[in-house]
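Everything quoted here is computed from the prediction, not taken from an experiment. Throughout, numbering of the chain's residues begins at 1 and tracks the sequence. Scope of the values below: all heavy atoms of this structure, side chains included, with no hydrogens, waters or symmetry mates.
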Amino acid sequence: MHPRVSESTEVAVPPRVVYDAVADVGAMGRWSPECTGADVEGTGAGGTDVEGTGAGGTGGAEVRVGTRFAGRNASGRVRRWSTDCTVTAAVPGERFAFLVRAAGLRVAVWEYRFEPADSGRATVVTETWTDQRGRLMHVVGRLVTGVRDRAAHNRATMKVTLRRLKEELEREHRPS
């Protein structure tokens, strides 16, 4: 059994709006304290810079099952690493997921589910991380990232990510 961590929040925008934001993997650096962005293969579009101040995004490129991207991550000022990711689910307004690998080895599956709330005017978004690391990647991951308890760390960063996502989307889509 692979360890799994999930966190949820309700966002006062429709599911498709939340899906579109999350599926724009290059923009994830705007919300995540660890992921600094992503580069989607074949689009020439990059994500945000390390400080999360870039324009971000995939340049309007639609991600589909099989889309590959390089995830960029940081922990503190010194530790930087990238991962190879492949989209495994892309159902607009419902589900988005991707498999993460490093050095060709499985690391994790990240999944987002979008459930309508308030008659479809809001969304309960659930972010789930499922650990896929074998013994070697547990050791290497700890050395590269500096994170000893990945499940606890991810729970904390997921809470921050979801809070920031909620704040940004609700601010951008506030009724006039």
Side-chain angles (χ1 to χ4, degrees), residues 1-11 15 18-40 47-52 56-58 63 65 67-91 94-115 123-169:
M1 181 70 181
H2 297 289
R4 176 177 291 182
V5 175
S6 293
E7 287 294 328
S8 299
T9 195
E10 186 170 319
V11 184
V18 184
Y19 173 91
D20 287 346
V22 169
D24 185 359
V25 294
M28 186 57 74
R30 294 199 318 250
W31 311 300
S32 172
E34 184 170 89
C35 173
T36 62
D39 298 306
V40 178
T48 56
D49 59 13
V50 171
E51 287 73 37
T58 59
V63 294
V65 171
T67 297
R68 295 175 50 111
F69 62 95
R72 290 181 275 120
N73 304 280
S75 179
R77 294 191 174 275
V78 178
R79 296 179 190 270
R80 305 268 187 269
W81 68 97
S82 63
T83 57
D84 299 314
C85 305
T86 304
V87 175
T88 58
V91 182
E94 294 180 23
R95 183 171 175 246
F96 181 72
F98 55 92
L99 170 65
V100 179
R101 292 178 185 269
L105 300 173
R106 294 173 74 95
V107 175
V109 172
W110 285 90
E111 178 183 39
Y112 299 82
R113 291 205 176 256
F114 311 93
E115 298 176 37
T123 306
V124 174
V125 58
T126 300
E127 181 178 20
T128 301
W129 166 81
T130 304
D131 193 353
Q132 300 282 301
R133 297 172 299 164
R135 182 174 275 151
L136 175 63
M137 284 309 289
H138 272 278
V139 173
V140 171
R142 198 173 298 141
L143 293 172
V144 170
T145 68
V147 175
R148 294 189 63 74
D149 185 342
R150 178 48 70 180
H153 176 81
N154 282 357
R155 182 175 302 282
T157 61
M158 290 161 74
K159 288 178 181 180
V160 172
T161 299
L162 292 173
R163 177 182 49 79
R164 290 175 178 171
L165 175 68
K166 171 184 174 68
E167 289 169 355
E168 180 176 309
L169 292 180

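- Using a 4.0 Å cut-off between a side-chain N of Lys or Arg and a carboxylate O of Asp or Glu, R164 and E127 do not qualify as a salt bridge.
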- Message: Could you walk me through whether V18 and L169 satisfy the side chain to side chain contact (heavy atoms under 4.5 Å, CB included) test, starting with their C-alpha distance in whole Å, then the side-chain angles of each, then the deciding distance to 0.1 Å, before giving a yes or no?
- Response: CA-CA 7 Å; V18 184; L169 292 180; 4.0 Å; yes

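- Q132 has its side chain within reach of V109: a pair of non-hydrogen atoms, C-beta onward, lies under 4.5 Å apart.
- Closest of all the heavy-atom pairs between C85 and V100 is SG-CG2, 4.0 Å.
- Between M137 and V107, the shortest heavy-atom contact is CE-CG2, 3.8 Å.
- Contact annotation: the side chain of V63 never approaches that of F98 to less than 4.5 Å [non-hydrogen atoms, C-beta and beyond].
- Side-chain contact check for N73 versus R80: every heavy-atom pair is 4.5 Å or farther apart.
- No donor-acceptor distance shorter than 3.5 angstrom exists from the side chain of R30 to the backbone of G37, with no hydrogens or angles considered.
- For Y112, there are no ring-ring contact (aromatic ring centres under 6.0 Å, His included) partners, not counting sequence neighbours.
- With a 4.5 Å cut-off on side-chain heavy atoms, V22 and L165 count as touching.
- Counting only heavy atoms from C-beta outward, the side chains of E167 and W31 never approach each other to under 4.5 Å.
- Between T130 and H2, the closest heavy-atom pair is CG2-CB, 3.8 Å.
- A donor-acceptor contact shorter than 3.5 Å links the side chain of T161 to the backbone of T157.
- Annotation: salt bridge (charged side-chain N to carboxylate O under 4.0 Å, His left out) contacts of R68 (sequence neighbours excluded): E41.
- How far OG1 of T83 is from CZ of F69: 7.0 Å, rounded to the nearest 0.5 Å.
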- Determine, step by step, whether S6 and W129 satisfy the side chain to side chain contact (heavy atoms under 4.5 Å, CB included) criterion, reporting the C-alpha distance in whole Å, the side-chain angles of both residues, the deciding distance to 0.1 Å, and the verdict. CA-CA 6 Å; S6 293; W129 166 81; over 6 Å; no

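- Nearest heavy atom pair, residue A90 against residue V65, reads N-CG2, 3.8 Å.
- When all heavy atoms of P15 and F114 are compared, the pair lying nearest together is CB-CB, 4.2 Å.
- With hydrogens and angles disregarded, a donor-acceptor distance shorter than 3.5 Å links the side chain of K166 to the backbone of E10.
- Looking at heavy atoms from C-beta onward, R72 lies in side-chain contact with D39 at the 4.5 angstrom threshold.
- Look at R113 and E111 and you find a salt bridge, because one of the NZ, NE, NH1 or NH2 atoms lies within 4.0 Å of a carboxylate O, short of that distance.
- Two residues are said to be in side-chain contact when any heavy atoms from C-beta on lie closer than 4.5 Å; T128 and V5 fail this criterion.
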- What do the steps show when you test E34 against H153 for side chain to side chain contact (heavy atoms under 4.5 Å, CB included), and what is the final call? CA-CA 10 Å; E34 184 170 89; H153 176 81; 2.7 Å; yes

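- Across every non-hydrogen atom of E7 and M158, the tightest pair is N-CE, 3.7 Å.
- You'll find the side chain of V25 reaches within 4.5 Å of the side chain of F96, heavy atoms only.
- Interatomic distance, R101 CZ to T86 OG1, rounded to the nearest 0.5 Å: 7.0 Å.
- Going from atom CZ of R95 over to atom OG1 of T126 covers 12.5 Å, rounded to the nearest 0.5 Å.
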